[in-house]
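First, the structure itself, so that you have it in front of you.
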2 protein chains.
Amino acid sequence: MPRTGMMAIRKDALVNATISEIGRAGTLDVTMGQIAKSAGVSSALAHHYFGSKDDLLLAAMRRVLTQFGAETQVLLGKADTPRARLSAIVAASFGPQNFRDEVVSAWLNFYVMAQTQPQAARLLRVYQGRLKSNLTHALRPLCPDPTQVAATAAALIDGLYIHALSGPGAPDADAAIATVEAYLDGVTQ
Amino acid sequence: MPRTGMMAIRKDALVNATISEIGRAGTLDVTMGQIAKSAGVSSALAHHYFGSKDDLLLAAMRRVLTQFGAETQVLLGKADTPRARLSAIVAASFGPQNFRDEVVSAWLNFYVMAQTQPQAARLLRVYQGRLKSNLTHALRPLCPDPTQVAATAAALIDGLYIHALSGPGAPDADAAIATVEAYLDGVTQ
DNA sequence: TCGTTTGTTGATTGACCAGTCAATTAAAAT
DNA sequence: ATTTTAATTGACTGGTCAATCAACAAACGA
């Protein structure tokens, strides 16, 4: 069975399985065995390619972050006014790629992980810095206090994310987008 | 050493130790041994009084929730205008009793726990329901869409909570209060 | 005084899991 | 054709941890 060039394929499958299993279990303490099984390989192979569970978890986090960044850039590229830039960032945050149950669950757990894992904390800061910087930049021509508004909007987005996990009655993507847009409409002229 | 009437004292100490250890470790996977040690008893005693780790975790969650509810009621009692009611809710959310590192950390982990533990999920809904209801009630005379504004404010508060954990540069209580107050000022007449 | 209740723990058990390793297979390279 | 390299796994290990239990100590009640 050993076909060469499997490394990329297996790494990819394992990262996907990690995100999916975290979403399914809703918690970070999924086992390497579960993840490996979900990826269709042995747990030994997961260790072989990633070294440790933490490394695999970080790789999954990076994947989520990268996907989010890419989506944001795509939507930002289509926006030509500052206000449209804001909407692009919001749309990326709650887009179907990023605002899935598994991904949101992964986010929540990454927050927990970041409390003890320095590398996870660093990754989280990278995301928060980028989001805030994007927001601030778009807000600069639109309101007198872009920094404060950007911080508020960022917190609001994160709050809506975790609220989305609290079962039914939780905001769907459209409702979340409408909420953030309404806030932004209120503070921009 | 066996003095009678220890049950209440031990339970209290164990619940306190649980919150404190979750805060110290930043994660839910603290061991019964750690908690018991921090409370000055054996892990067997922790099991004796609480039956299981989950029960102890839930008791700790209830304690946090109760404390928050009590603080809210105290501050609401002192407020005599709708606008003052809003400020009271915000002040309770970020008051020194509730907005401590350990408590915020416990909150974050309770969110994770609520993904799998039905009782934790139920408790979380209780809190969210009360907060939203309090906010909506205070907002009714102040703005045309109290439900939507309450949902936004609730999400904003939770977002600021988890942002408070992301190390230095994170908002302190005063900044968080100012942020929410600024939002509320913007949407109330 | 003596049995009963309450408080308490050390030792143990049973399960689980991250990580390691030696062994196996098949493709690639020489 | 033979050596090397990549892919893959089953079996194992060392450690951890929740939960149990039997036993002991002190207060209390009769």
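The structure displayed is predicted, hence computed values, not measured ones. Note on naming: letters A, B, ... go to the chains in the order of the sequence lines (proteins, then strands), and numbering restarts at 1 for each one.
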Value in whole Å for how far the C1' atom of C/dA22 lies from NE2 of A/H47 =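 One finds 17 Å between C1' of C/dA22 and NE2 of A/H47, rounded.
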Of the nucleotides C/dT9, D/dA18, C/dG19, which one has an atom closest to the side chain of B/K53?
->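 Comparing C/dT9, D/dA18, C/dG19 against the side chain of B/K53, the answer is D/dA18.
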So, A/E71 and A/N98: side-chain donor and acceptor under 3.5 Å apart, yes or no?
-> no
Taking OP1 and OP2 of D/dT8, is either one under 4.0 Å from a side-chain nitrogen or oxygen of A/Y49?
-> yes
How would you label the contact of A/S42 with the nucleic acid (heavy atoms, under 4.0 Å): base, sugar-phosphate, or nothing?
-> base
Expressed in angstrom and rounded to an integer, what is the separation of B/D55 atom CG from D/dT20 atom P?
->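 My rounded result for the distance is 11 Å.
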Gap between atoms CG and C1', on A/L56 and C/dG19 respectively (whole Å) = 14 Å
Which of the following nucleotides, D/dA27, D/dT8, C/dG19, is nearest to the side chain of A/M6?
-> D/dT8
Give a yes/no answer on whether the side chain of A/T4 brings an N or O atom under 4.0 Å of OP1 or OP2 in C/dA28.
-> yes
To the nearest Å, give me how far apart NE2 (A/H48) and P (D/dT5) are.
-> 14 Å
Close side-chain approach of A/Y183 and A/V149, heavy atoms under 4.5 Å = yes
Salt-bridge test for B/K53 and B/D29: reply yes if a basic N is under 4.0 Å from a carboxylate O, no otherwise.
-> no
A/M7 CE - C/dA26 P separation (whole Å) |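 So the CE-P distance, A/M7 to C/dA26, works out to 22 Å.
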Would you classify B/S52 as touching base, sugar-phosphate or nothing, given that sugar-phosphate means primed atoms plus P, OP1 and OP2, and contacts are heavy atoms under 4.0 Å?
-> sugar-phosphate
Nearest to the side chain of B/A44 - C/dT9, D/dT9, C/dT20?
->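 The answer is C/dT9, which lies nearest to the side chain.
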Between B/D101 and B/R24, is the closest basic N to carboxylate O distance under 4.0 Å?
->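 Salt bridge between B/R24 and B/D101, a charged N being under 4.0 Å from a carboxylate O: no.
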Hey, is the side chain of B/R10 poking within less than 4.0 Å of OP1 or OP2 on C/dT8, counting only N and O atoms?
->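 Result: yes.
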Can you tell me the distance, in whole Å, between the CE atom of B/M32 and the P atom of D/dT20?
->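 So the CE-P distance, B/M32 to D/dT20, works out to 10 Å.
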